[in-house]
Engineer: 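I am attaching a structure below and will ask some questions about it afterwards.
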Amino acid sequence: MSLLLTFIFLIIAGLVAGLLSSIAGLASLASYPALLLVGLPPVLANVTNTTALIFSGIGSTVSSLKELHGHWKKVIIFTILASCGSVAGSLLLLIAPASSFEKIVPFFIFTAGVLLLLSSRKKIGAPANSQLTKSFWVNLISWVGVFLIGGYTGYFGAAGGVIFLAILSLITDDSFAVINAIKNVIAFASNLIATLIFIFKTRIDWLMVIPLGFGLLIGGYLGPIIVRHVNIHLLRALIALAAFGLAGYLFVTAYF
């Protein structure tokens with residue numbers, strides 16, 4: 001494949017991956033295989049993919065400013081917690097290889113899909129007194145949950161965006177569009193931190209980052225706009241089905 005065709009292919013793959021990332025948190029279903037198809041070895045493809053995903057985060061964050069308005073305190077707290085978890089997960093990966101964890105991952109992803117189907121954005125508010133009594137413990141459990149999922153994304157990473165969508169659906173009363181916007185900011189921060197580590201620790205194929213990142217930037221920007229206008233119940237169901245499909249694939253590769 002010529003360099004021009006490779007660039008065009010990666011731009012298209014990036015566009016699809018950017019949409020998948022900013023809508024469902026499943027970018028790597030398109031971007032990582034695309035890098036393998038153009039000849040990058042797995043480790044270099046993984047590092048290059050993570051670096052390029054920064055552009056999806058930029059596009060989706062800019063496009064989600066409307067949804068993020070009034071939620072920045074929550075966004076900052078969740079992003080810091082998830083980023084700390086991601087760093088911890090990356091360090092754990094140096095001690096225990098991800099292969100030791102791969103048999104459990106399909107069940108995490110399947111559970112996230114179920115939670116997405118069961119979660120409802122029309123929650124009935126608890127009485128004021130109850131909210132005051134429980135708020136500290138609810139917040140604490142929520143923060144620990146976000147930290148642990150951040151650790152999961154740093155350690156293994158598969159469908160981390162979907163799992164964040166599921167946990168945020170449980171611990172917040174925000175609309176799906178807002179939850180998705182928060183998820184995109186968290187993913188952006190995680191990929192940025194990982195890339196800064198990669199710059200000093202390993203090699204990145206910057207030539208492949210350019211076209212893939214361009215496509216990701218466009219797809220990342222368009223994703224939140226689509227979420228704003230589609231049927232949220234249908235979208236939630238489609239994301240859950242994609243999670244079930246990925247869980248099934250990972251189950252087969254882990255056990256057979």
Side-chain angles (χ1 to χ4, degrees), residues 12-33 53 56-57 59-61 63-64 66-68 71 74-75 78 82 104-125 142 145-146 148-150 152-153 156-188 190 216 218-254:
I12 295 170
L15 176 61
V16 174
L19 288 169
L20 287 172
S21 173
S22 55
I23 294 174
L26 291 166
S28 295
L29 288 181
S31 53
Y32 177 69
L53 281 169
S56 174
S60 60
T61 299
S63 184
S64 297
K66 178 181 176 182
E67 284 77 18
L68 294 170
H71 297 278
K74 187 189 306 178
V75 170
F78 286 162
I104 309 173
V105 169
F107 300 100
F108 282 174
I109 298 173
F110 181 84
T111 302
V114 172
L115 291 175
L116 274 175
L117 287 178
L118 295 178
S119 62
S120 168
R121 300 290 13 108
K122 306 283 185 185
K123 297 180 181 176
I124 301 172
S142 300
V146 171
L148 291 175
I149 296 170
Y152 165 82
T153 58
F156 196 85
V162 174
I163 299 176
F164 267 120
L165 282 176
I167 190 69
L168 291 173
S169 294
L170 288 177
I171 66 178
T172 75
D173 293 314
D174 299 314
S175 69
F176 185 83
V178 171
I179 288 170
N180 188 61
I182 296 172
K183 176 267 296 176
N184 287 334
V185 176
I186 291 172
F188 171 50
S190 299
L216 282 162
I218 298 170
Y221 185 85
L222 294 176
I225 297 172
I226 293 172
V227 170
R228 218 171 277 154
H229 295 96
V230 300
N231 183 305
I232 294 303
H233 297 292
L234 176 61
L235 180 60
R236 195 193 303 272
L238 290 174
I239 295 172
L241 287 174
F244 294 150
L246 180 59
Y249 170 76
L250 292 174
F251 180 84
V252 170
T253 56

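Just the heavy atoms: all of them, side chains too, but no hydrogens, waters or symmetry mates, feed the values below.
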Engineer: Find out whether S175 and E67 are in side-chain contact, i.e. whether some heavy atom of one side chain is under 4.5 Å from a heavy atom of the other.
Structural biologist: no
Engineer: For the residue pair N184 and P224, establish whether any side-chain heavy-atom pair is separated by less than 4.5 Å.
Structural biologist: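 Yes, at least one pair of side-chain atoms sits under 4.5 Å.
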Engineer: Using side-chain hydrogen bond (donor to acceptor under 3.5 Å, both in side chains) as the criterion, list what pairs up with S22, not counting sequence neighbours.
Structural biologist: none
Engineer: Please report the closest heavy-atom contact between I225 and H229, naming both atoms and the distance.
Structural biologist: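 Minimum heavy-atom separation between I225 and H229: O-ND1, 2.8 Å.
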Engineer: Less than 4.5 Å apart, any side-chain heavy atom of F176 and any of I239?
Structural biologist: yes
Engineer: I'd like to know if the side chain of T111 and the backbone of F107 have a donor-acceptor N/O pair within less than 3.5 Å.
Structural biologist: yes
Engineer: So which heavy atom on A112 is nearest to which on A166, and how close?
Structural biologist: O-CB, 3.6 Å
Engineer: To the nearest 0.5 angstrom, please state how far the CG atom of L20 sits from the CG atom of L216.
Structural biologist: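 So the gap between those two atoms works out to 10.0 Å.
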Engineer: Within the distance-only criterion (no hydrogens, no angle test), does the side chain of T172 pair as donor or acceptor with the backbone N or O of S169 below 3.5 angstrom?
Structural biologist: no
Engineer: For K74, what residues pass the salt bridge (charged side-chain N to carboxylate O under 4.0 Å, His left out) criterion, not counting sequence neighbours?
Structural biologist: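 Scan of K74 (salt bridge (charged side-chain N to carboxylate O under 4.0 Å, His left out), adjacent residues dropped) gives D174.
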Engineer: With a 4.5 Å cut-off on side-chain heavy atoms, are V105 and I109 touching?
Structural biologist: yes
Engineer: Considering residues at least two apart in sequence or located in another chain, which fulfil the side-chain contact (heavy atoms from CB on, under 4.5 Å) criterion with A82?
Structural biologist: V146, F164, I186
Engineer: Closest approach of A181 and L68, non-hydrogen atoms and distance?
Structural biologist: CB-CD2, 3.7 Å
Engineer: Counting only pairs under 3.5 Å, give me each side-chain donor-acceptor contact of residues 240-253, with atom names and distances, residues two or more places apart or in other chains.
Structural biologist:
{"residue": "T253", "atom": "OG1", "partner": "Y249", "partner atom": "O", "Å": "3.2"}
{"residue": "T253", "atom": "OG1", "partner": "L250", "partner atom": "O", "Å": "2.9"}

Engineer: List the residues meeting ring-ring contact (aromatic ring centres under 6.0 Å, His included) with Y32, not counting sequence neighbours, and say none if there are none.
Structural biologist: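 With neighbours one apart ignored, the set is empty.
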Engineer: Check ring-ring contact (aromatic ring centres under 6.0 Å, His included) between Y221 and all other residues, then give those that pass, not counting sequence neighbours.
Structural biologist: none
Engineer: In the structure I gave you, are the side-chain heavy atoms of L168 and L165 within less than 4.5 Å of one another anywhere?
Structural biologist: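 SC-SC contact between L168 and L165 ruled out.
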Engineer: For V16 versus A30, what's the shortest heavy-atom pair and its separation?
Structural biologist: CG1-CB, 4.1 Å
